[in-house]
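Heads up: the structure comes next, in structure tokens.
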Amino acid sequence: MRQCKGWSLMLLVLVGLGALAQKLPTRDEGLFQMQISDKSLFHDSSVIPDGAEISGYLFRDTPKRYYFVVEEDNTPLSVTVTPCDAPLEWKLTLQELPEEASGEGSGEPEPLDQQKQQVTADEGTELFTYKGNDVESYVATSTPSGLYQLELLSTEKDSNFKAYATTTPESDQPYPELPYDPRVDVTALGRTTVTLAWKPTPTGSLMGQPVQYCVVINKEHNFKSMCAAEAKISTDDAFMLAPKPGRDFSPFDFAHFGFGPSDNGFGKDRGLTSNKISRAYTSKHRASDIQKVCIGNKNIFTVSELKPDTQYYFDVFAVNSATNTSTAYVGTFARTKEEARQKTVELKDGKVSDVFIKRKGSKFLRFAPVSSHQRVTLFVHACLDAVQVQVRRDGKLLLSQNVEGVRQFQLRGKPKAKYMIRLRGSRKGASTLKVLATTRPSSKQPFPSLPDDTRIKAFDKLRTCSSVTVAWLGTQDRNKYCIYRKEVADNYGEEQRRREQNQCTGPETRRKSEKVLCKYFHSPNLQKAVTTETVTGLVPGKTYLLDVYVVGHSGHSVKYQSKLVKTRKYC
């Protein structure tokens, strides 16, 4: 046992938690690399090694504590927690230890109960708390030396998580960095295939770190982290039948349970060069469940063997091959083309349907109310460019208009009438829409009301080195408005901004650090329905992209036209 105070603190933690005395990895790189390769040094213990991501498991309503040591004052500190399959509550505290724990004793460990009391008797100084399922971090540029405690709790169900702590955040950069445009784009769509493309991470090209991409496909929702996707895969594994006692495994059995062949060249020679599911390394389960495919460093991928006329969700993760840490791109969704005999999509009364139309393409929707009705309310939300909408009732043309943003149409009803809706896409590119038809009268619309002008105005005379002032129009309906900011490159052009102008992507796709504020606003007088906001905390001479989202009563949101602003360089 070392006699210095720093190592005795670590020893106290380890013994106090019932583990054998062990040497905590330091940031001496040679020693650190040797220790991190030997998982037995910290596996299943309550110590977080400096600069390494650990995986853990929480039982419901049972808190779990992890510890790590900052050896010197004025040390930077970064702690990141990644929830996997359930929201977490976690807090970071700085613990106070008694003077008698300085390591100047006889060298004999004290009784276990007594040492637990020494660590846990004082709640310590609370530094940070969080509750939710986002990947969240605590970052401090200067922290005092001492013992830090990370306490985690899952109140919904048993859950997996990942945790990372480092005292050298500037040099570590464990998680791959996202490009300026972190979205996953659908570039081609077929009946059984979808082609995806995304911008490469600068971590691989500029920083020279080994990065590969993994694609996750499922029919339920997008994932916020690789950890969440892997937790879902593990859940599916639990339902697979176990082999009979005494039965030997064959190579086929191992492949069935998600293990690749023992040939070392399988992942290297095929997985990193192919862009098809059947040839890449894949964790594949039942046809209706989640699939994970790692494709090497390619940033274009074609997903095959999909079902026609089925909506899928696609997520891309940049994975650091050396550390196995990952960062999530902004996922997307798409519906595969229907079979040739399926020419129409049935709309259900009161249910929002997502519609995807290829460039210059058309889509036919059919609405057949089951009961007599006096009128039909049709909502069309064009997420990107304008689309042409035609509605016929029993063959008679009722309307034909071009639609941008959100539009509401009132159609006169007729007993046993059937409505055919034709949507024609833009010539500029693919179109994404949300469509709802209903015969039910309701005071609350599913989509928020919008003004005729959805531009954001910036006041040049109020621009400073650290703030900009903007204004936008509202309506007579009381809605929630959220404003977000993002720093972009000075050469950020109109074409790049247009690619991000998907009005159907809501605030949930944005990083928490980009949020400025949310507020409610309305005005009975439309001439006065305008609100202003000053965005502060900006950097001199930098360009920012500002977005305003208006959120409706049912949670559907619409994005205003993005606005580029630049702070003054000299004040």
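The shortest heavy-atom contact between Thr567 and Cys465 is CB-O, 3.5 Å. Ser154 approaches Pro87 most closely through the heavy-atom pair OG-O, 4.1 Å. Val558 and Val406 get closest at one heavy-atom pair: CG2-CG2, 3.5 Å. In terms of heavy atoms, Ala382 sits closest to Val403 at CB-O, 3.7 Å. Between Ala334 and Leu189, the shortest heavy-atom distance links the atoms CB-CD1, 4.1 Å. Minimum heavy-atom separation, Phe459 to Val470: CE1-C, 4.0 Å.
Counting heavy atoms from C-beta on, the side chains of Phe367 and Leu378 never come closer than 4.5 Å. In this structure, the side chains of Lys512 and Tyr130 come closer than 4.5 Å at one or more pairs of heavy atoms. Looking at Tyr180 and Lys486, their side chains never come closer than 4.5 Å, going by heavy atoms from C-beta outward. Counting heavy atoms from C-beta on, the side chains of Val216 and Lys292 come closer than 4.5 Å. Inter-residue side-chain proximity for Val303 and Gln291 is flagged as unmet; no heavy-atom pair is nearer than 4.5 Å. Side-chain contact between Leu178 and Arg511 is present, with heavy atoms from C-beta onward closer than 4.5 Å. Between Arg485 and Val565, every side-chain heavy-atom pair lies at or beyond the 4.5 Å cut-off. With a 4.5 Å cut-off on side-chain heavy atoms, Lys515 and Pro507 do not count as touching.
With no hydrogens or angles considered, no side-chain donor-acceptor pair links Lys363 and Ser431 at under 3.5 Å. Under 3.5 Å, the side chains of Thr193 and Ser304 contain no donor-acceptor pair of N or O atoms. A donor and an acceptor atom, one from each side chain of Thr80 and Ser137, are located under 3.5 Å apart. Side-chain polar atoms of Glu487 and Thr543 form no donor-acceptor pair below 3.5 angstrom. A side-chain donor-acceptor contact under 3.5 Å links Thr475 and Ser449.
Relative ring orientation between Tyr560 and Tyr481 is described as perpendicular, the plane-to-plane angle rising above 60° on a 0-90° scale split at 30° and 60°. By the 30° and 60° cut-offs, the orientation of the rings of Tyr313 relative to Phe333 is tilted. Between Tyr57 and Phe59, the angle of the ring planes goes over 60°, which puts this pair in the perpendicular group of the 30/60° scheme.
A salt bridge between Arg335 and Asp309 is present, with a side-chain N of the basic residue lying under 4.0 Å from a carboxylate O of the acidic one. Salt bridge status for Lys434 with Asp354: present, with a side-chain N to carboxylate O gap under 4.0 Å.
In this structure, Lys131 places its NZ atom where only 12 or fewer heavy-atom neighbours from other residues, nucleotides or ligands lie under 6.0 Å away. No more than 12 heavy atoms of other residues, nucleotides or ligands sit less than 6.0 Å from atom CD of Glu404. Other residues, nucleotides and ligands contribute over 12 non-hydrogen atoms within 6.0 Å of the CD atom of Gln410. No more than 12 heavy atoms of other residues, nucleotides or ligands lie within 6.0 Å of NZ in Lys358, so this atom counts as exposed by the packing criterion.
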Does the pair Lys519 and Thr531 meet the rule for a side-chain hydrogen bond (donor to acceptor under 3.5 Å, both in side chains), with working shown?
CA-CA 10 Å; Lys519 68 178 183 179; Thr531 182; 2.6 Å; yes
When you look at Thr332 and Arg183, which way does the side-chain contact (heavy atoms from CB on, under 4.5 Å) test go after all the steps?
CA-CA 8 Å; Thr332 187; Arg183 297 174 307 154; over 6 Å; no
Start with the C-alpha gap between Val81 and Leu152, add the side-chain angles, then the distance that decides, and say whether side-chain contact (heavy atoms from CB on, under 4.5 Å) holds.
CA-CA 9 Å; Val81 175; Leu152 304 103; 3.8 Å; yes
Evaluate the side-chain contact (heavy atoms from CB on, under 4.5 Å) criterion for residues Ser362 and Arg422: first the C-alpha distance (whole Å), next the side-chain angles of each, then the deciding distance (0.1 Å), finally the verdict.
CA-CA 7 Å; Ser362 296; Arg422 180 182 180 182; 3.6 Å; yes
Would Val293 and Ile217 count as a side-chain contact (heavy atoms from CB on, under 4.5 Å) here? Give the steps.
CA-CA 8 Å; Val293 191; Ile217 309 104; 4.1 Å; yes
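With hydrogens and angles ignored, the 3.5 Å screen pairs a side-chain donor or acceptor of Tyr329 with a backbone N or O of Lys199. Put simply, the side chain of Arg191 gets close to the backbone of Glu338: a donor and an acceptor are under 3.5 Å apart. At distances below 3.5 Å, not a single donor-acceptor pair connects side-chain atoms of Arg455 with backbone N or O atoms of Gln561. A donor-acceptor contact shorter than 3.5 Å is absent between the side chain of Ser372 and the backbone of Pro415. Between the Asp158 side chain and the Arg60 main chain, a donor and an acceptor come within less than 3.5 Å of each other. In this structure, the side chain of Asp134 does not engage the main chain of Glu136 through any donor-acceptor pair within 3.5 Å. When atom types are taken as modelled, the side chain of Asn218 and the backbone of His221 share a donor-acceptor pair closer than 3.5 angstrom. Remark: the backbone N or O of Gly331 is not paired with any side-chain donor or acceptor of Asn222 at under 3.5 angstrom. A side-chain donor-acceptor contact under 3.5 Å links Thr336 to the backbone of Lys307. Between the side chain of Arg568 and the backbone N or O of Arg463, at least one donor-acceptor pair lies under 3.5 Å.
Leu473 CG to Lys457 NZ: the interatomic distance, rounded to the nearest 0.5 Å, is 11.0 Å. Taken from NZ in Lys559 to OG1 in Thr454, the straight-line distance is 11.0 Å, to the nearest 0.5 Å. To the nearest 0.5 Å, atom CD1 of residue Ile421 and atom CG of residue Leu411 are 8.0 Å apart. Distance check: Leu88 CG to Asn133 CG gives 8.5 Å after rounding to the nearest 0.5 Å. Rounding to the nearest 0.5 Å places CD1 of Ile357 at 4.5 Å from CG of Leu423. Atom-to-atom distance recorded for Leu196:CG and Thr187:OG1 is 7.0 Å, nearest 0.5 angstrom.
Evaluation of the salt bridge (Lys or Arg N to Asp or Glu O under 4.0 Å) rule for Asp452 yields no partner, not counting sequence neighbours.
A ring-ring contact (aromatic ring centres under 6.0 Å, His included) check over residues 381-432, counting only residues at least two apart or in different chains, returns the pairs His373-Tyr419, His381-Phe447. The ring-ring contact (aromatic ring centres under 6.0 Å, His included) pairs that include a residue from residues 511-552 are Tyr484-Tyr549, where partners are two or more places apart or lie in different chains.
In this structure, Tyr213 has its ring center closer than 6.0 angstrom to the ring center of Trp198.
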